[in-house]
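Values below: every heavy atom of this structure, side chains too, minus hydrogens, waters and symmetry copies.
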Amino acid sequence: MPKIVDHQARRLLIAEAVHRIIDAKGLDSVSLREVAAEAGISMGAVQHYFATKEEMLRVALEQLNARIALRVTAADQHDPLRLLRAAILEVLPLDETRRFEARVGLAFLARSVVSDELGAMVRAGLPLVLGFYAGQIRAAQAAGQLAAGLDPDQEARALFALAQGLGQPALIGLYSPHDVIALVDRHLARLANPSITSA
């Protein structure tokens, strides 16, 4: 009886192997041969799913984003402010899982500057993140959790910039996880009560 192959599971296996290679050796070390060895499958099996390295990288980036999104959806969907907070904290390197993802994500970001395909993916993803943040801000305003006079789109951009600005310093140990969480919470508290000063 022929073996039944779960194609989605196989693609996930390959994507996770790509992540591990990027984390251990850098993105330039990703090759069909390296990925096959890391995944414990043949080169032919990798080539069956991915004709080029760029295609493999694209799927690996999609999978990285999907991992983070899955954790965000596990947060309290009935509380927009808590969901917004969770979405921000899930992209920050606060534990080993998120540190791993941050290291891999930075490698993809660097590559996207010189890769048209990855660059297009990153650019296409940003409006989705900003739209999600803005949507939660609007819902939190409607629930009385955030100040009514805020511009949700502008505040979404500011929150994205805050997360980006905290990520790299946290990754190199300049900010502790406690520091990062405190800074995010302080910013969200100021959105709820703009009279709070930065002092």
Side-chain angles (χ1 to χ4, degrees), residues 12 15-16 19 23 59-110 112 118-199:
L12 176 58
E16 290 177 341
H19 297 160
D23 188 48
V59 171
L61 177 56
E62 288 173 350
Q63 181 55 38
L64 185 70
N65 291 335
R67 283 173 51 154
I68 298 168
L70 189 61
R71 293 199 305 270
V72 172
T73 60
D76 187 350
Q77 301 290 316
H78 302 292
D79 187 320
L81 189 56
R82 290 180 66 180
L83 183 56
L84 177 63
R85 179 181 185 269
I88 296 165
L89 295 182
E90 283 302 339
V91 300
L92 292 168
L94 302 178
D95 54 30
E96 188 46 45
T97 294
R98 285 176 281 185
R99 288 179 66 80
F100 171 84
E101 292 168 348
R103 292 190 298 265
V104 175
L106 279 175
F108 275 118
L109 181 61
S112 73
L118 286 180
M121 275 189 68
V122 172
R123 286 191 298 275
L126 179 55
L128 300 178
V129 174
L130 294 176
F132 179 81
Y133 285 4
Q136 299 315 308
I137 291 169
R138 289 187 181 94
Q141 287 175 310
Q145 295 176 311
L146 295 180
L150 298 174
D151 180 328
D153 295 316
Q154 291 292 344
E155 296 302 338
R157 294 186 188 101
L159 284 169
F160 180 79
L162 174 69
Q164 293 297 303
L166 290 173
Q168 291 184 34
L171 196 55
I172 63 172
L174 183 61
Y175 299 148
S176 71
H178 178 270
D179 294 334
V180 170
I181 293 170
L183 285 164
V184 170
D185 284 343
R186 182 157 185 80
H187 186 84
L188 291 175
R190 295 215 308 262
L191 296 186
N193 183 1
S195 66
I196 297 175
T197 67
S198 59

- Task: Could you go through the side chain to side chain contact (heavy atoms under 4.5 Å, CB included) check for His187 and Ile88 one step at a time?
- Result: CA-CA 11 Å; His187 186 84; Ile88 296 165; over 6 Å; no

- Task: Could you tell me which non-hydrogen atom of Val72 sits nearest to which non-hydrogen atom of Gln77, and how far apart they are?
- Result: O-NE2, 3.5 Å

- Item | Neighbour count above 12 (heavy atom, 6.0 Å) for Gln154 CD | yes

- Message: Looking at Tyr175, I want to see if its OH is surrounded by more than 12 non-hydrogen atoms of other residues, nucleotides or ligands under 6.0 Å.
- Response: no

- Residues which pass side chain to side chain donor-acceptor pair (under 3.5 Å) with Gln63, listed by chain and number, not counting sequence neighbours: none

- Validation row: Leu83, Asp79 side chains within 4.5 angstrom (heavy atoms): no

- Query: Nearest heavy-atom pair of Glu101 and Glu90: which atoms, and what distance?
  - Reply: OE1-O, 4.5 Å

Atom pairs and distances, side-chain donor-acceptor, residues 125-143, under 3.5 Å, sequence neighbours left out:
| residue | atom | partner | partner atom | Å |
| --- | --- | --- | --- | --- |
| Arg138 | NH2 | Asp153 | OD1 | 3.2 |
| Arg138 | NH2 | Asp153 | OD2 | 3.2 |
| Gln141 | NE2 | Ala147 | O | 2.9 |
| Gln141 | NE2 | Ala148 | O | 3.3 |
| Gln141 | NE2 | Leu150 | O | 3.1 |

- Message: Apply side chain to side chain contact (heavy atoms under 4.5 Å, CB included) to residues Leu188 and Glu155 and explain how you reach the verdict.
- Response: CA-CA 10 Å; Leu188 291 175; Glu155 296 302 338; over 6 Å; no

- Query: So, for Val180 and Ala170, which heavy atoms are closest and what is the spacing to 0.1 Å?
  - Reply: CG2-CB, 3.7 Å

- Taken to the nearest 0.5 Å, the spacing of Leu94 CG from His178 NE2 works out to 11.5 Å

- Message: In the structure I gave you, are the side-chain heavy atoms of Arg71 and Ile68 within less than 4.5 Å of one another anywhere?
- Response: yes

- Judged by atom type as modelled, is there a donor-acceptor pair below 3.5 Å linking the side chain of His19 to the main-chain atoms of Ala60? yes

- Query: From Leu183 CG over to Leu162 CG, what is the distance, rounded to the nearest 0.5 angstrom?
  - Reply: 7.0 Å

- Any chance you could measure Glu62, atom CD, to Leu64, atom CG, to the nearest 0.5 Å? 11.0 Å

- Take Asp95 and Arg98 through the test side chain to side chain contact (heavy atoms under 4.5 Å, CB included) and record every step on the way to the result. CA-CA 5 Å; Asp95 54 30; Arg98 285 176 281 185; 2.9 Å; yes

- Considering all heavy atoms of both residues, which atom of Phe100 and which atom of Asp23 are nearest to each other, and what is their separation? CD1-OD2, 3.4 Å

- Looking only at heavy atoms, the pair that brings Gln145 and Pro80 closest together is OE1-CG, 3.2 Å

- Item | Atom pair CG (Leu89) and CG (Leu84), whose distance is rounded to the nearest 0.5 Å | 9.5 Å

- Item | Closest heavy-atom pair and its distance - Gln168, Leu106 | NE2-CD2, 3.8 Å

